[in-house]
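Scroll down for the structure; my scribbles are underneath it.
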Amino acid sequence: MLCLTGIARTQKESTLKVNQLKKVMELVMPDGDGSNGAGVAWNPAQKTYYAAFAGNITYPLAVFDAKGKRISEDDLETNFDVRGIWYNSKKETIQMNGYDDFGWAEYSLDRKGLPTNFSKMFKGQHQPDAHS
């Protein structure tokens with residue numbers, strides 16, 4: 001895979017700098033249903049990553065340490081049809097928006113960064129379309 005990283009032009013010629021990307025980490029989701037990634041969120045306070053599959057409330061949610069090792073159990077589910085996921089540093093929660101009119105929801109986190117409580121924040125569609 002190539003990535004365009006910058007363009008520099010001189011009066012005599014134009015040059016294009018291209019760097020080869022290299023994989024530095026892989027987050028491996030638990031086996032099971034789902035295959036459409038909804039996103040990855042980084043929690044800098046607890047140095048954990050959160051990844052979720054979109055498409056169903058029973059699809060996996062996984063928590064990883066800073067090196068990419070999964071620290072959550074295999075059976076952790078989203079409980080929500082996730083379309084986007086992020087870390088809220090003010091509330092220290094993982095939040096997400098859902099499919100269509102699922103609204104927004106959040107997970108409270110324990111000392112290790114694992115989800116402990118799921119709650120809905122807003123009902124209804126708060127994005128441009130059902131899959132945003």
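Surrounding CG of D31 are at most 12 heavy atoms belonging to other residues, nucleotides or ligands under 6.0 Å away.
Closest of all the heavy-atom pairs between D110 and T116 is CB-CG2, 3.4 Å. Nearest approach of A62 to R70, heavy atoms of both residues: CB-CD, 3.7 Å. Minimum interatomic distance between R83 and G55 (heavy atoms only, all atoms of both residues): NH1-N, 3.3 Å. Between I85 and A52 the shortest heavy-atom distance is CD1-CB, 4.3 Å.
Using bins of under 30°, 30° to 60° and over 60° for the plane-to-plane angle, the ring pair Y49/W42 lands in the tilted bin.
Considering OG1 of T48 and CG of N43, their distance stands at 4.0 Å, rounded to 0.5 Å. The distance from atom CZ of F53 to atom CG of N36, rounded to the nearest 0.5 Å, is 8.0 Å. Here OG1 of T93 is found 6.5 Å from CE of M121. Values are rounded to the nearest 0.5 Å. Here the CG-CG distance, from N19 to L21, works out to 8.0 Å after rounding to the nearest 0.5 Å. Taking CG of N117 as the start and CG of L109 as the end, the distance is 10.5 Å to the nearest 0.5 Å.
At least one donor-acceptor pair under 3.5 Å links the side chain of Y50 to the backbone N or O of G113. Here the side chain of N97 pairs a donor or acceptor atom with the backbone of G84 at under 3.5 angstrom.
A 4.5 Å side-chain heavy-atom check between K91 and E106 finds at least one atom pair inside the cut-off. S72 is listed as a side-chain neighbour of L114, based on a closest heavy-atom distance under 4.5 Å. Side-chain contact check for P115 versus L61: some heavy-atom pair is nearer than 4.5 Å. For the pair D75/E77, no side-chain contact is recorded, criterion being any heavy-atom separation below 4.5 Å from C-beta on. Looking at K112 and Q46, their side chains never come closer than 4.5 Å, going by heavy atoms from C-beta outward. Inter-residue side-chain proximity for F64 and K69 is flagged as unmet; no heavy-atom pair is nearer than 4.5 Å.
In the hydrophobic cluster analysis, where Ile, Leu, Val, Met, Phe, Trp and Tyr join through side-chain heavy atoms closer than 4.5 angstrom, L27 is grouped apart from V63. Using a 4.5 Å cut-off between side-chain heavy atoms of Ile, Leu, Val, Met, Phe, Trp and Tyr, with links allowed through other members, I71 and V40 fall into different hydrophobic clusters. Linking Ile, Leu, Val, Met, Phe, Trp and Tyr residues whenever their side-chain heavy atoms come within less than 4.5 Å places M96 and I94 in a single cluster.
A ring pair (Phe, Tyr, Trp, His ring centres under 6.0 Å) with Y107 holds for exactly one of Y87, F118, F80; it is F118.
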> Under the side-chain contact (heavy atoms from CB on, under 4.5 Å) criterion, do Y99 and V82 qualify, and how do the steps go?
Replying inline: CA-CA 6 Å; Y99 170 70; V82 180; over 6 Å; no
